[in-house]
Amino acid sequence: MTAPMPVRPPDPPMDRVPEKAPEKAPEQRRPTRLLAPLRETGRLFTLAGTVCRETFRRPFQVREFIEQFWLVASVTILPAALVSIPFGAVIALQVGSLTQQLGAQSFTGGASVLAVIQQASPIIVALLVSGAAGSAICADLGSRKIREELDAMEVMGVSPIQRLVVPRVLATMLVAVLLNGLVSVVGTLGGYFFNVILQHGTPGAYLSSFSALAQLPDLYISEIKALIFGFIAGIVAAYRGLNPRGGPKGVGDAVNQSVVITFMLLFFVNMILTAIYLQVVPAKGS
């Protein structure tokens, strides 16, 4: 007997073609790319809020704070003093030349000192703190992240933000405030020297114009700017250090990005603070 022939299943109708899965249009992926900067901004603000909350959590890391304070101060004190001298000289020379053209040489001291205290000093401090201290903070946290030290701390129940980020941010803020006073003094002395020696100004007129135009809130806004700039530099450096991409190369890229982002934010925030100050605090004698 012969085996029965296998029965072949009927062919599907020709008019029914299997449907393909619909492809995602490029327009559907655009919102994701556009929302990426917003997500990064939201995470940055979230980290800032977490740092503010964890600052009042006990125990406070006193030893870590002192070590980071000394590290930030040691790499920024000498450059800040050296950079403030040419800044004060350039401002004094430029303002002195302008006042001579206008016939108001007696106001050279007040105008140059106010420019140094209100604008130049906080900007110098911010650039040095973000460039020197911020890059060091970002590199340190980034290297710990790629070695999975931060993940190990979280497994053990230790908050990396409270243990590592908070002392670094507070140290950066304190150093920025102290450096601002140093830069203001050195920049003012440098402007006085160059105005009196090179432009043959009168020492008495320089000092009298300063006392006539300057007021105590000018120093307050300078210190407030330095405090806010130090906070921004520390937060941005910590955020980029906690989120490196691509291994060791990503740590280097994160350091560069932290410095650039900090510079952009500092100039923008400085513009806002200056505009608010000029609207709220009236000029002396007005």
Side-chain angles (χ1 to χ4, degrees), residues 69-133 171-230 233 263 266-267 269-271 273-274 277-278 281 283-285:
F69 175 84
W70 175 249
L71 172 64
V72 176
S74 62
V75 299
T76 53
I77 288 179
L78 184 59
L82 295 178
V83 170
S84 60
I85 295 176
F87 259 90
V90 169
I91 292 175
L93 294 175
Q94 187 65 42
V95 172
S97 176
L98 181 61
T99 53
Q100 286 180 3
Q101 296 176 13
L102 298 176
Q105 294 90 339
S106 59
F107 294 100
T108 301
S112 59
V113 171
L114 287 179
V116 170
I117 292 178
Q118 288 189 15
Q119 302 299 328
S121 179
I123 291 296
I124 292 173
V125 171
L127 296 181
L128 289 174
V129 168
S130 61
T172 305
M173 295 170 62
L174 181 58
V175 171
V177 172
L178 297 179
L179 276 183
N180 185 67
L182 174 65
V183 173
S184 299
V185 173
V186 176
T188 302
L189 294 178
Y192 173 83
F193 175 80
F194 279 92
N195 178 260
V196 173
I197 300 300
L198 296 183
Q199 294 183 325
H200 307 289
T202 305
Y206 191 95
L207 297 177
S208 62
S209 64
F210 169 67
S211 61
L213 296 178
Q215 52 185 342
L216 200 55
D218 297 329
L219 181 61
Y220 294 160
I221 188 60
S222 179
E223 295 292 353
I224 291 174
K225 283 183 179 181
L227 184 69
I228 295 176
F229 292 168
F263 283 4
L266 291 180
F267 285 108
V269 174
N270 179 63
M271 178 190 67
L273 293 177
T274 302
Y277 173 76
L278 295 178
V281 180
K284 189 173 183 180

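The chain is numbered in sequence order, starting from 1.
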Exercise for the section: Hey, could you give me the OG/CD1 distance between Ser222 and Ile117, rounded to the nearest 0.5 Å? Expected result: 7.0 Å

Practice task
Spell out, as yes or no, whether a donor-acceptor pair under 3.5 Å connects the side chain of Thr274 to the backbone of Met271.
Solution key: no

Quick one: side chains of residues 80-90, donor-acceptor pairs under 3.5 Å with protein atoms, not counting sequence neighbours, listed by atom name and distance.
unit_1	atom_1	unit_2	atom_2	d
Ser84	OG	Ala80	O	3.1
Ser84	OG	Ala81	O	2.9

Fill in the blank from the handout: On a heavy-atom basis, the closest approach of Val72 and Ala133 is CG1-CB, 3.5 Å

Practice task
Flag the pair Ile123 / Leu127 as yes when at least one side-chain heavy-atom distance between them is below 4.5 Å, and no otherwise.
Solution key: yes

Handout entry: Set of residues satisfying side-chain contact (heavy atoms from CB on, under 4.5 Å) with respect to Tyr277, sequence neighbours excluded
Key = Gln118, Gln215, Pro217, Asp218, Ile221, Val281

Exercise for the section: List in chain and number order the residues that pass side chain to side chain donor-acceptor pair (under 3.5 Å) with Ser184, two or more places apart in sequence or in another chain; answer none if no residue qualifies. Expected result: Ser121

Practice task
Using the test side-chain contact (heavy atoms from CB on, under 4.5 Å), find all partners of Ile228 that sit at least two apart in sequence or belong to another chain.
Solution key: Ile224, Ile232, Val269, Leu273

Problem - Heavy-atom donor-acceptor pair, Thr76 side chain to Leu128 backbone, under 3.5 Å - result: no

Handout entry: Taking every non-hydrogen atom, the tightest pair across Phe263 and Ser130
Key = CE1-OG, 3.0 Å

Practice task
Not counting sequence neighbours, which residues clear side-chain contact (heavy atoms from CB on, under 4.5 Å) with Leu189? List them please.
Solution key: Val185

Practice task
Kindly determine whether Leu179 and Leu182 satisfy side chain to side chain contact (heavy atoms under 4.5 Å, CB included), including the steps that lead there.
Solution key: CA-CA 5 Å; Leu179 276 183; Leu182 174 65; 4.1 Å; yes

Handout entry: Smallest separation among heavy atoms of Gly230 and Met173, with atom names
Key = C-CG, 3.9 Å

Handout entry: Contact summary for Ala176 and Val125, nearest pair of heavy atoms
Key = O-CG1, 3.4 Å

Practice task
Provide the closest heavy-atom pair for Glu223 versus Gly181 in the form atom of the first, atom of the second, distance.
Solution key: OE2-N, 4.0 Å

Fill in the blank from the handout: Hits for side-chain contact (heavy atoms from CB on, under 4.5 Å) against Leu174, two or more places apart or cross-chain, chain-then-number order -> Phe65, Phe69, Leu178

Fill in the blank from the handout: Closest non-hydrogen contact found for Thr172 with Val129 is CG2-CG1, 3.1 Å

